[in-house]
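Data block below; observations after.
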Amino acid sequence: MTKEDCFELGKITKTHGVKGEVILWLDVDFPEDYEEMDSVFLEVRGELVPFFMDSYQLRGNRAIVKFEDCDTFEKAEELLNLQAFLPLEVLPELDGEQFYYHEVIGFQVIDEKLGALGLVQTVYTMQAQDLLVMSYQNKEVLIPVDPEIVLGADKEAQTLQVNLPEGLLDVYLND
């Protein structure tokens, strides 16, 4: 399994107790969609390694997880800060113009007023605000992911409809 075949589910943030349990922070909109998991891939030294769960207790956007063969505090400590991944095929289907970030990489950005602008290069997931990165006139432009700005995606046409705030592009074009 490669990272290209997966999406990032979250990260192991701390240990829980002394019997090898860890806290898995779920970086997803609907953590309850992942209540039936029995394994995840953890990125260990750049490689995705499958880890099977003995127990999984969901509490909001965090889960208390006990992995097989991880029965001491010391073994749990070795898992701290590891990123957790799941295969793309387990992602729940989205309705209409909703999208997952990985789906819109390479989509043409279409503004309501200005028309076609450029392609989505990547998405930065930040604590305060997620940002789409678009290439426009050989400049990197950051577009806030906000329902009033990013209106939706047409997956068939591979376009992303936006309503950019007035002056946003000027900020990047005026050096």
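We number each residue from 1, following the sequence as shown. This is a predicted model, so every value here is computed, not measured.
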Report whether [X] and [Y] are members of the same hydrophobic cluster (ILVMFWY, side-chain heavy atoms less than 4.5 Å apart, transitive linking).
X: V120; Y: V133; answer: yes
X: V141; Y: L151; answer: no
X: L88; Y: V90; answer: yes
X: I12; Y: V49; answer: yes
X: L131; Y: V150; answer: yes

Within the supplied structure, the quantity of interest is the number of heavy atoms (other residues, nucleotides, ligands) at a distance under 6.0 Å from E89 CD; does it exceed 12? yes
Can you tell me if CD on E74 sees more than 12 non-hydrogen neighbours from other groups inside 6.0 Å? yes
Determine whether [X] and [Y] make a side-chain contact, defined as any pair of heavy atoms from C-beta on separated by less than 4.5 Å.
X: E140; Y: Q121; result: no
X: V104; Y: L132; result: yes
X: L86; Y: F7; result: yes
X: V65; Y: M37; result: no
X: D111; Y: L169; result: no
X: L173; Y: Y136; result: yes
X: E43; Y: E8; result: no
X: I149; Y: L164; result: yes

Would you call the rings of F51 and F67 parallel, tilted or perpendicular if under 30° counts as parallel and over 60° as perpendicular? perpendicular
Parallel under 30°, tilted from 30 to 60°, perpendicular over 60°: which one fits the rings of Y101 and F99? tilted
For T159, all residues meeting side chain to side chain donor-acceptor pair (under 3.5 Å), sequence neighbours excluded: Q161
S55: side chain to side chain donor-acceptor pair (under 3.5 Å) partners, not counting sequence neighbours: none
Reported [atom1]-to-[atom2] distance for the pair [X] and [Y], which is rounded to 0.5 angstrom:
X: E21; Y: M53; atom1: CD; atom2: CE; result: 12.0 Å
X: I105; Y: T122; atom1: CD1; atom2: OG1; result: 4.5 Å
X: T125; Y: D130; atom1: OG1; atom2: CG; result: 4.5 Å
X: L9; Y: L24; atom1: CG; atom2: CG; result: 5.5 Å
X: E112; Y: N163; atom1: CD; atom2: CG; result: 4.0 Å
X: Q108; Y: M134; atom1: CD; atom2: CE; result: 9.0 Å

Which side chain to side chain donor-acceptor pair (under 3.5 Å) pairs, counting each pair once, include a residue from residues 56-69, with sequence neighbours left out? Q57-R59
Taking all atoms of both residues into account, what is the closest heavy-atom pair of [X] and [Y], and its distance?
X: G17; Y: F73; value: O-CD1, 3.5 Å
X: L142; Y: P144; value: O-CD, 3.8 Å
X: L82; Y: E78; value: CD1-O, 4.1 Å
X: P31; Y: L58; value: O-CD2, 3.7 Å
X: G106; Y: L119; value: O-CD2, 3.6 Å
X: C70; Y: L79; value: SG-CD1, 4.0 Å

Donor-acceptor pair, side chain of Q129 and main chain of V145, under 3.5 angstrom: yes
The criterion is salt bridge (charged side-chain N to carboxylate O under 4.0 Å, His left out); which residues satisfy it with D154, sequence neighbours excluded? none
Joining Ile, Leu, Val, Met, Phe, Trp and Tyr whenever any side-chain heavy atoms lie under 4.5 Å apart, the cluster holding I23 also takes in I64
Rest of the hydrophobic cluster containing M1 (Ile/Leu/Val/Met/Phe/Trp/Tyr, side-chain heavy atoms under 4.5 Å)? F41, L48, F85
Output, in order, the C-alpha distance, side-chain angles, deciding distance and verdict of side chain to side chain contact (heavy atoms under 4.5 Å, CB included) for L91 and H102. CA-CA 11 Å; L91 279 172; H102 72 273; 3.3 Å; yes
